[in-house]
2 protein chains.
Amino acid sequence: MEHDKISKPQHSLRVTKQRKAIFAVLQGDTSHPTAEEVYLRVREQLPHISLATVYRNLKLLARQGLIREITTGDGPHRYDFQTHEHAHFHCDRCNRVYDVELDFSTRLRHELLRRGFRVRTHDLVFRGLCPACQSLSPSD
Amino acid sequence: MEHDKISKPQHSLRVTKQRKAIFAVLQGDTSHPTAEEVYLRVREQLPHISLATVYRNLKLLARQGLIREITTGDGPHRYDFQTHEHAHFHCDRCNRVYDVELDFSTRLRHELLRRGFRVRTHDLVFRGLCPACQSLSPSD
DNA sequence: ATATTTGCAAACGCTTTGCAAAATT
DNA sequence: AATTTTGCAAAGCGTTTGCAAATAT
């Protein structure tokens with residue numbers, strides 16, 4: 001107990017039906033759902049799951065690097081099954097989040113390293129109007 | 001809330017002492033303060049200002065493009081007097097936010113445009129350990 | 001057998017809001 | 001005079017947490 005910090009066991013993730021279901025929902029949903037949206041979809045399979053469990057697992061899975069947490073800067077976090085290098089576009093109008101396949105970080109991470117920063121993750125989020133919303137009248 | 005910017009009339013910004021003080025604090029503080037921190041500093045000048053007024057004005061000034069709102073993805077928003085193109089680094093350990101002068105968006109914005117997106121803003125936030133925190137033992 | 005995980009409810013941190021009074025234009 | 005802005009308190013949203021029971025290892 002005097003060596004708490006170093007001797008803590010490594011949180012071995014257990015395979016629960018809730019965890020599996022959450023992961024599965026995300027795997028089959030490319031819309032970058034929020035925790036609430038994941039909850040609603042998981043409930044179709046597990047009607048008694050609690051929202052807290054969804055939040056807990058999304059955080060956990062993200063920390064493990066199995067999924068990706070997206071911070072849009074407006075509203076709730078979004079979750080992405082895709083963990084590979086890519087950016088996002090968040091539409092001001094419809095709130096949809098689009099994947100943007102851009103390879104930009106290799107060079108930039110390198111620059112950060114040169115400046116002495118140890119980069120763990122990064123988020124590149126563009127905001128504006130998506131193609132669909134540009135073709136609508138400004139009022140509706 | 002979203003359609004404010006397109007449907008509301010010209011919001012002619014009035015020059016109040018609160019607004020001036022908030023802007024001035026930000027101008028003289030390169031630490032990327034939170035709304036709460038701005039509040040505490042403004043209170044030295046205007047002891048009766050309310051936190052709500054600070055929040056309101058920071059949002060307003062950011063919407064006008066006079067200051068920049070930074071979303072770190074963890075904790076409160078930060079505010080930056082610097083509005084020119086640059087990225088940020090948010091330290092996992094000390095929570096400091098560093099400016100990172102990187103020129104990356106011209107090319108990327110161009111790519112987004114080609115894909116039909118109209119980009120209004122973007123945010124690039126790196127996370128990890130800053131130089132100062134790397135030289136400390138993991139426990140303290 | 002032990003550690004983790006769950007559901008529930010309550011609390012949390014940050015931010016926004018309704019209102020009447022005050023200040024700016 | 002008209003409109004915006006303020007301070008206050010209350011509510012809001014998204015998220016986290018303490019707990020005892022249930023479950024996975």
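Within every chain, numbering begins at 1; the chains are lettered A, B, ... in the order of the sequence lines, protein sequences first and strands thereafter. Quick caveat, the model's predicted, so the values are computed rather than measured.
Two rings, from B:His90 and B:His88, have their centers 6.0 Å or more apart.
Atom SG of residue B:Cys91 and atom CG of residue B:Asp74 lie 11.0 Å apart, to the nearest 0.5 angstrom.
When the side-chain nitrogen and oxygen atoms of B:Arg19 are compared with OP1 and OP2 of D:dT4, none of them lie within a distance under 4.0 Å. Within the structure, every side-chain polar atom (N or O) of A:Tyr55 is placed at least 4.0 Å from both OP1 and OP2 of D:dT16. An OP1 or OP2 oxygen of C:dA23 is reached within less than 4.0 angstrom by no side-chain nitrogen or oxygen of B:Thr16. Put simply, B:Arg56 has no side-chain N or O that comes within less than 4.0 Å of OP1 or OP2 on D:dT5. Considering only side-chain N and O atoms, A:Lys59 lies nowhere under 4.0 angstrom from the phosphate OP1 or OP2 of D:dT15. Within the structure, every side-chain polar atom (N or O) of A:Gln18 is placed at least 4.0 Å from both OP1 and OP2 of D:dT23. Between D:dC8 and B:Ser50, no contact under 4.0 Å exists linking OP1 or OP2 to a side-chain N or O.
Toward the 5′ end of DNA chain C lies the nearest nucleotide of B:Ala35, the other residue of the pair B:Arg14 and B:Ala35 mapping further downstream. Checking A:Leu51 against B:His48, the closest nucleotide of DNA chain D that is more toward the 5' end is the one next to B:His48.
Atom-to-atom, CZ of A:Arg43 to P of C:dC8 comes out at 10 Å; the value is rounded to the nearest Å. For the pair B:Leu61 CG and D:dT5 P, the computed distance is 11 Å after rounding to whole Å. Following rounding to the nearest Å, B:Asn95 (CG) and C:dG13 (P) show an atom-to-atom distance of 15 Å. For the pair A:Lys20 NZ and D:dA24 P, the computed distance is 9 Å after rounding to whole Å. With rounding to whole Å, B:Lys17 atom NZ is found 6 Å from C:dT24 atom P. Separating the CD atom of A:Glu36 from the P atom of D:dG12 is a distance of 16 Å, rounded to the nearest angstrom. Remark: P of C:dC14 and CG of B:Leu58 are 15 Å apart, rounded to the nearest angstrom. Atom CZ of A:Arg78 and atom P of D:dC13 are 16 Å apart (whole Å).
Proximity of B:Phe23 to B:Asn57: side-chain heavy atoms (C-beta onward) are nowhere separated by under 4.5 Å. Counting heavy atoms from C-beta outward, B:Tyr79 and B:Lys59 have side chains that approach closer than 4.5 Å. Inter-residue side-chain proximity for B:Asp99 and B:Asp80 is flagged as met; some heavy-atom pair is nearer than 4.5 Å.
In this structure, the helix from C:dA1-D:dT25 to C:dT25-D:dA1 shows an angle of 40° between the axis at its start and the axis at its end, each fitted on 5 base pairs and rounded to 10°.
Under the 3.5 Å distance criterion, the side-chain polar atoms of A:Gln134 are matched with a main-chain donor or acceptor of B:Gly116.
Counting all heavy atoms, side chain and backbone alike, A:Asp92 lies closest to B:Arg120 at OD2-NE, 2.6 Å. Residues B:His122 and B:Glu85 share a closest heavy-atom pair of CE1-OE1, 3.3 Å.
Nearest nucleotide to the side chain of B:Val15, out of D:dT17, C:dT25, D:dT6: C:dT25.
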